[in-house]
There are 4 protein chains.
Amino acid sequence: MKRKGPKYDQIIDAAVNVIAIHGYHQSQVSKIAKQASVADGTIYLYFKNKEDLLVSVFNEKMGTFIEKTGNELKGKSSAVEKLLTLIEMHFNLLNEDHQLSIVTQLELRQTNRALRAKIGEVLKRYLSLIDLILKEGMEENVFDRTMDTRLARQMIFGTIDETATNWVMNDHRYDLPSLALPVHRMLVNGLSNNAGS
Amino acid sequence: MKRKGPKYDQIIDAAVNVIAIHGYHQSQVSKIAKQASVADGTIYLYFKNKEDLLVSVFNEKMGTFIEKTGNELKGKSSAVEKLLTLIEMHFNLLNEDHQLSIVTQLELRQTNRALRAKIGEVLKRYLSLIDLILKEGMEENVFDRTMDTRLARQMIFGTIDETATNWVMNDHRYDLPSLALPVHRMLVNGLSNNAGS
Amino acid sequence: MKRKGPKYDQIIDAAVNVIAIHGYHQSQVSKIAKQASVADGTIYLYFKNKEDLLVSVFNEKMGTFIEKTGNELKGKSSAVEKLLTLIEMHFNLLNEDHQLSIVTQLELRQTNRALRAKIGEVLKRYLSLIDLILKEGMEENVFDRTMDTRLARQMIFGTIDETATNWVMNDHRYDLPSLALPVHRMLVNGLSNNAGS
Amino acid sequence: MKRKGPKYDQIIDAAVNVIAIHGYHQSQVSKIAKQASVADGTIYLYFKNKEDLLVSVFNEKMGTFIEKTGNELKGKSSAVEKLLTLIEMHFNLLNEDHQLSIVTQLELRQTNRALRAKIGEVLKRYLSLIDLILKEGMEENVFDRTMDTRLARQMIFGTIDETATNWVMNDHRYDLPSLALPVHRMLVNGLSNNAGS
DNA sequence: CATGAATGAGGGTTCATTCAT
DNA sequence: CATGAATGAACCCTCATTCAT
């Protein structure tokens, strides 16, 4: 199982393309192969099966993104700043690749439990980044220290994800990155230590 | 196309049951028919096709719920109170019917775009309830009047939905209704008019 | 899984037909369905899968034959006579249905171990008939009582089978039933108690 | 098309090995190549195609055996003695190479008609040896001169082959060579000129 | 109204073979 | 001579839907 090489990337990109245009259930392996300009069988030299290909699509795109985001966060000094960076990077990623946004927000969700479990594994690393921010904010006494971290994480991820999904479902008709700031403000408010107010 | 009768309800309930237990992709029409104690063909006397059945499942269960929620909200005098009621009722609904929670939070999402679009139509009525609360809160000057209502709605729905989904994915291992209060607190904070602080 | 009905027989007969004409590896389910004038899917109402169909073909044809043979043997009074009846019935069966002979002697052998194991199960009942004849002949002191029964059975079955296979491989060019007598003579000689000679 | 060289033998041996262990249908060209420590493509420098390889396997192993058997027979003075030698050598060959016995008795039979026809060609030389023995025995007036030679040959080969196949199917659990004598006795009896008895 | 036997389209995957290096 | 990456044809089975009874 080769996991590198130009054909590997071709196939990943073709998969994003085909899924975005035709939808998950109309993305036959043969269609992806054609789009990637390789033979059907070639896909199985690089991926164990179709599910492996789809997981890899998510992994390649999100894995890199999560890493980049993690690195970027290190350069920020406060939890509030880090949260803004996270949201901005998330929205920018999707905005820079509309096809990818369709795939991750809509198409890759209509899969069986097994596939989503594997996608969930990748997502966990993203959720960990959120947890780190929350922890730091609570240590800084900027976020409410009595908060249930899990709930806070769900609010952050739920809000970001719902915002992104709505944007995609509205055919990218408005500007997503510019929503980072207001979303950030709402979230910071929601998480804030309001003890003194 | 009969839309009423004892068999209609039998089929709807059987569908929830089968989907919750076997998962969306293992819920063949014949299996639902068997569970409902009717013949396969009978399903097509009550529903146009399988998609129509699935939409109807969502419609029947959520439609009633949305109506009940709307009525309940009328009895509350403030936006903050209404939001709490909304969250509580949402969490209670899912908590009272674990099978339904599996179906709506996990299984019914792994469907094609067309089906989800129709489900989205039903959801709009729910989102309208949220919008009404937001509007009222802003008029009361309790919620930030400069907020983008759509974003606020997405935060509310995204947080509630993500919280519910996580609860289901964790096999209902903890108590969902008791999360209504902390979720409510976070959301109210997030939405609040903090102008003076 | 229906195991009876006109369609069941149609499919079995179509399978024999298609396999005899096109060969085992060119006998696709769709081809058999077409020959049986049913839809592809109908085959799966009567058979679990393709292997089940093939085993059933053998079962239906040989099962009946073995039963008939067993009954016929009861009417014969000596082991020698019974052996002749067995050989004659075996050769007559194949002679009366050339297509079946192609299927059992040539095509059904080029299958995987699993399928052949199941076919072997059916064959065991036939081999038991041979064992009964041998036992009787040894009790009558007509067959050599010191013989290894298994070897004797293998000689009988091996000879009959090889004779039949050669006949099929020679395109049924000569008359098989008329070989029953000389084959019988050789076998009886081979099995005889020659103690006194 | 090279038909000689160390790689040629490596491939032949690898084929026997792989087929015996994994079975005919799990013996892909790539697996045989790997076992032979050559590249897939290299096989096509030595064999026209997979079928040619399989025929060659049979040819190489049986060809040598048939020659050796033929030579050995020359040293025996009577047909009866020759027949014993043939059976003993046949059983010894299989007993000395269990993997080969699996391949020739079980695996190589589950092939298409074309391949078996070619294997039949090789076998003809073996059957000729039997014919020679029969002819000699009839000339010696030891075997029945009125016998149908083809039937006699089929009895001999059918019995030997069936005995060998059963031994393999019983996982070589008993000693095959020691069956040569009783098999020989039965066959000689079967073939004998019993005119006087 | 209700039945359930019958339909038939559609796709992921394997693997013998080729050929550029 | 040798390699091994790439090719692409081929097929079993499922299941939503229909319709004669």
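Residue numbering restarts at 1 for every chain, and letters A, B, ... go by the order of the sequence lines. Computed over heavy atoms, backbone and side chain alike; hydrogens, waters and symmetry mates excluded.
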field: dA6(E) OP1/OP2 closer than 4.0 Å to side-chain N/O of Lys7(C)
entry: yes
message: Counting the atoms with a prime plus P, OP1 and OP2 as sugar-phosphate, which does Val29(A) contact under 4.0 Å by heavy atoms, base, sugar-phosphate, or nothing?
response: base
task: Just call it for Phe47(B): base, sugar-phosphate, or nothing, with non-hydrogen atoms closer than 4.0 Å on any strand.
output: nothing
N/O (side chain, Tyr46(A)) to phosphate O (OP1/OP2, dA6(F)) under 4.0 Å: yes
task: Provide, to the nearest angstrom, the distance between the CD atom belonging to Gln28(A) and the P atom belonging to dA10(F).
output: 19 Å
- prompt: Of all the nucleotides listed (dA2(F), dA2(E), dT7(F)), which has the minimum atom distance to the side chain of Leu45(D)?
  reply: dA2(F)
message: From NZ of Lys31(A) over to P of dG10(E), roughly how many Å is that when rounded to an integer?
response: 11 Å
message: Looking at Gln35(D) and Val18(D), would you say the former's side chain and the latter's main chain have a donor-acceptor pair under 3.5 Å?
response: no
Pairing nucleotide - dG8(F), Watson-Crick or G-U, each distance under 3.5 Å: dC15(E)
- line: From CD of Gln10(B) across to P of dA2(E) the rounded distance in Å is 10 Å
message: Distance check needed: dC11(F) P versus Ile32(C) CD1, whole Å only.
response: 12 Å
- request: Let me know, please, whether Asp40(A) or Glu51(C) comes out on the 5' side of the other along DNA chain F by nearest nucleotide.
  value: Asp40(A)
message: Could you tell me if Asp161(D) and Gln105(D) have a donor-acceptor pair between their side chains, going purely by distance under 3.5 Å?
response: yes
field: Sole residue of Val168(D), Asn17(D), Ile19(D), Leu54(D) in side-chain contact (heavy atoms from CB on, under 4.5 Å) with Val103(D)
entry: Ile19(D)
- request: Taking atom C1' in both dC1(E) and dT21(F), compute the distance separating them and give it to the nearest angstrom.
  value: 13 Å
- line: Taking for Ser37(A) and for Ser27(B) the nucleotide of DNA chain F with the nearest heavy atom, the one nearer the 5' end belongs to Ser37(A)
- prompt: Out of dG12(E), dT17(E), dA5(E), which has the shortest distance to the side chain of Lys50(D)?
  reply: dT17(E)
- request: Looking only at side-chain atoms of Lys2(D), point me to the closest of dC12(F), dA9(F), dC1(F).
  value: dC1(F)
task: Check whether any side-chain nitrogen or oxygen of Thr42(D) sits under 4.0 Å from OP1 or OP2 of dT3(F), and answer yes or no.
output: yes
query: Taking NZ, NE, NH1 and NH2 as the nitrogens, is one of them in Lys124(D) or Glu121(D) under 4.0 Å from a carboxylate oxygen of the other?
result: yes
message: In this structure, how many angstroms lie between the C1' atom of dA16(F) and the CG atom of Leu115(B), rounded?
response: 15 Å
- line: Tightest non-hydrogen contact, residues Ile66(A) and Val122(A), listed as CD1-O, 3.6 Å
query: dT18(E) P sits how many Å from Ile43(D) CD1, rounded?
result: 13 Å
field: Along DNA chain E (nearest heavy atom to each residue), the more 5'-positioned of Val38(B) and Ser30(A)
entry: Val38(B)
statement: dT21(E) -> Watson-Crick or G-U wobble partner, both distances under 3.5 Å, gives dA2(F)
query: For the pair made of CD in Gln26(A) and P in dG11(E), what is the distance, rounded to whole Å?
result: 6 Å
field: Length of the NE2-P vector between His22(D) and dC15(E), whole Å
entry: 12 Å
- request: State which residues pass side-chain hydrogen bond (donor to acceptor under 3.5 Å, both in side chains) with Lys31(D); sequence neighbours excluded, sorted by chain then number.
  value: none
